[in-house]
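Numbered from 1 within each chain, the chains take letters A, B, ... in sequence-line order.
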There are 2 protein chains.
Amino acid sequence: MAKILIVDDEDKIRNVVREYADFEGYEVEEARDGMEAVDICKTKDFDIIIMDIMMPRLDGFSASKEIRKKKQIPIIMLSARGEEYDKLFGFEIGIDDYVVKPFSPKELMARVRAVLKRNSQQAQGDVLKFEGLEINIAGREVIVDGEKVTMTPKEYDLLFYLVKNKNLALTREKLLEEVWGFDFYGDDRTVDTHIKMLRNSLGEYRKFIVTLRGMGYKFEAN
Amino acid sequence: MAKILIVDDEDKIRNVVREYADFEGYEVEEARDGMEAVDICKTKDFDIIIMDIMMPRLDGFSASKEIRKKKQIPIIMLSARGEEYDKLFGFEIGIDDYVVKPFSPKELMARVRAVLKRNSQQAQGDVLKFEGLEINIAGREVIVDGEKVTMTPKEYDLLFYLVKNKNLALTREKLLEEVWGFDFYGDDRTVDTHIKMLRNSLGEYRKFIVTLRGMGYKFEAN
DNA sequence: GGATGATTTTAACAATCCATTTATTAACAA
DNA sequence: TTGTTAATAAATGGATTGTTAAAATCATCC
């Protein structure tokens, strides 16, 4: 079942969310402020984060920004009425939803379900489109200008990981860890070779795969 | 009119169900526990089974599993409040509905009607066609170029699951879990063997089953 | 309840495919 | 320019899947 991280400095809020989320069968973890949230996210993966805005040490906006630098996790924001309300809409990272305090736990859970569903559907049937490049992750299918392209397993895995983390700088170490697995003890350059083959498979859309000299690679697109 | 099998060790329950089902014009047969239910199902066909979970000799889960091995009869489960409640959701066989004791007989009958209706609709219209390959899931029938093909149970199950999830990449683990059941602790390659036999059965339409190297299989068609 | 036949699973081998390494060339930045 | 980093190409060893046969399990019939 999905894992939730609830980030809020008020015990009462965390407890209410935990109670309801438990009941719905979600796995819940807590953080007391933005700093803690960022730390926890370094070692653990969540399917969704519920984050308060006003918190000591590190506020919700900054924390989200920090976390999103590394992982594309959906985030629901909690905001007191009026407080920082405007910022939500100008927020660059693109939060997935927001709920105004005081909120009904049932409504919050409904939002969580909606966001999770939206995201899982995206992972499933949805075809991601970047100009003439179509990527169907659930169907393991890649189409270039209407033509189906067959790739090797590693090419698929690599492309999907890049796309799932588009616009994020990814080091070779990170790619090896995530795409190859933590138990891979090979050469860094292996990534290069696969990037090359992937670029060949993508034809003109190789342009989406950007080399970050001295760093790694990035899938750059909207 | 539809035939119902009510399986429960409490006389009171069986009597109440019989009374209401009689009134609605259903034909009713009774079994006192899972073992009896399995036996009766060997010789007689029912349109729906209402099955208690907690019973002497053979519990409702095991009995359902046993019966479903041979026949695809819709099953409504009866469970005492709380008791085994969780299991219902993790139950792989896919029960059609469940009712918590103590239940209102009227509600139970409504569920029975709903399930019967749902199933009869499915049984009728659901013939999937992929060129010369016709698949009637509810009727457990597969036709290749007008000729009915007989397959082994596992072949049917595998084909149906693939078709129900067409165009979706399915790992061997997923297939084992969904087609074989969560309690199967065998070899991954068992899937391969069954895929091969299935391909043989499908003749030229084997083309719909594509191998996803490094991943699993997929039924690819529109 | 044991024998028989059908089905399922495992195991082994063959065929194919592809991941990684290595070597070389090209591109870049100081 | 020069040292560093990335792109490319080719070879081989390993991994994955297809296929077959035999063993194990299950179901059914006397």
Margin query: Determine whether a donor-acceptor pair (one donor, one acceptor, N or O, separation below 3.5 Å) exists between the side chain of B/R189 and the base of D/dG18.
Written below: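 Yes.
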Phosphate OP1/OP2 of [N]: any [X] side-chain N/O under 4.0 Å:
X	N	answer
A/Y156	C/dC18	no
B/T211	D/dG18	yes
A/Y217	D/dA7	yes
B/T152	C/dA6	no

Next item on the list: Measure the angle between the two terminal helix axes of the helix from C/dG1-D/dC30 to C/dA30-D/dT1, five base pairs each, and quote it to 10°.
Entry: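 Nearest ten degrees gives 50° for this helix.
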Let's see if you can work this out: which of [options] has an atom nearest to the side-chain heavy atoms of [X]?
X	options	value
A/T193	C/dT21, D/dT5, D/dT20	C/dT21
A/K196	C/dT8, C/dC28, D/dA9	D/dA9
A/W180	D/dT5, C/dC18, C/dT20	C/dT20

Rounded to whole Å, please give me the gap between [atom1] in [X] and [atom2] in [N].
X	N	atom1	atom2	value
B/L158	C/dT9	CG	P	11 Å
B/L198	C/dT9	CG	P	14 Å
B/D39	D/dT28	CG	C1'	14 Å
B/M197	D/dT19	CE	P	13 Å
B/M151	C/dT7	CE	P	13 Å
A/R206	D/dA6	CZ	C1'	13 Å
B/I67	D/dA27	CD1	P	13 Å

Any base atoms under 4.0 Å from [X], or only sugar-phosphate, or nothing? Heavy atoms, all strands.
X	result
B/L212	sugar-phosphate
A/K154	sugar-phosphate
B/T190	base
B/Y185	nothing
B/M215	sugar-phosphate

Check: Roughly how far, to the nearest 0.5 Å, is the NZ atom of A/K218 from the NZ atom of A/K166?
Finding: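 Taking NZ in A/K166 and NZ in A/K218, the distance rounds to 12.5 Å.
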Next item on the list: Find which nucleotide of DNA chain D each of B/D192 and A/I195 is nearest to by heavy atoms, and output the residue with the more 5' nucleotide.
Entry: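 Going by which nucleotide is closer to the 5' end, it is A/I195.
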Note to self: With a 4.0 Å cut-off on N to O distance, would you call A/K154 and A/D157 a salt bridge?
What the structure shows: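 A salt bridge is absent here (no side-chain N lies under 4.0 Å from a carboxylate O).
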Notebook entry, point to check: Are B/F219 and B/F130 close enough that their ring centers fall under 6.0 Å?
Noted result: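 For B/F219 and B/F130, the ring centres are under 6.0 Å apart.
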Checklist line | B/Y20 ring center near B/Y26 ring center (under 6.0 Å) | finding: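 No - the distance between ring centres of B/Y20 and B/Y26 does not fall below the 6.0 Å cut-off.
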